[in-house]
Amino acid sequence: MAVEQLSEEERDSWLRALPKWSSCRDGAAIERKFEFSDFSEAFSFMTRVAMIAETRDHHPEWFNVYNRVEITLTTHDAGGLSLRDVKMARKIDALLA
Ligand code: HBI
């Protein structure tokens with residue numbers, strides 16, 4: 001299934017709905033940084049995100065050191081930001097709600 005890149009106005013509108021996420025890579029991706037109490041909490045979170053990624057066939061680019069996790073979402077198939085990234089960001093936020 002072809003995945004469409006969001007237009008600039010769609011991206012800006014979605015970013016307003018995702019206040020904890022920031023646009024990066026010249027609008028081609030969104031990112032959020034997380035800090036947990038320790039590595040175990042961080043990795044538990046990453047495991048839950050990994051399950052969502054597998055379910056949705058949409059995988060984050062991420063970095064972890066000890067209790068910090070940084071997640072970047074972009075859609076390689078679309079060459080930029082797509083609705084898949086927005087939906088994934090909302091799912092990730094819901095894990096911490
Ligand atoms: N994850 N972030 C991201 N972007 C993709 O385009 C993507 C993915 N996971 C799997 C996937 N695409 C499959 O549809 C194949 O394109 C690998």
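Nothing here was measured: the structure is a model prediction, and the numbers come from that model. Each ligand, and each atom within it, is numbered from 1 in the order the structure gives.
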For this session: Keeping the roles fixed (side chain from Asn64, backbone from Tyr66), state whether a donor-acceptor pair exists under 3.5 Å.
Result: yes
Problem set entry | CZ (Phe36) with more than 12 external heavy atoms under 6.0 Å | yes
Problem set entry | Heavy-atom donor-acceptor pair, Ser44 side chain to Ser40 backbone, under 3.5 Å | no
Show the atom names and distances, to 0.1 Å, of all donor-acceptor pairs under 3.5 Å that link a side chain in residues 85-97 to residues at least two apart or in another chain.
unit_1 : atom_1 : unit_2 : atom_2 : d
Asp85  : OD1    : His58  : NE2    : 2.6
Asp85  : OD1    : Thr74  : N      : 3.1
Asp85  : OD1    : Thr75  : OG1    : 3.2
Asp85  : OD2    : Thr75  : N      : 3.3
Asp85  : OD2    : Thr75  : OG1    : 2.6
Asp85  : OD2    : Ser82  : N      : 2.8
Asp93  : OD1    : Trp21  : NE1    : 2.8
Asp93  : OD1    : Arg32  : NH1    : 2.6
Asp93  : OD2    : Trp21  : NE1    : 3.2

For this session: Using the rule that two of Ile, Leu, Val, Met, Phe, Trp, Tyr join whenever any of their side-chain heavy atoms come within less than 4.5 Å, decide whether Phe63 and Ile52 are in one cluster.
Result: no
Problem set entry | Near ligand 1, at a heavy-atom separation below 4.0 Å: residues by chain and residue number | Asp57, His58, His59, Thr74, Thr75, His76, Asp77
Exercise. Of all heavy-atom pairs between Ala78 and Gln5, which one has the smallest distance, and what is that distance?
Worked result: O-NE2, 3.1 Å
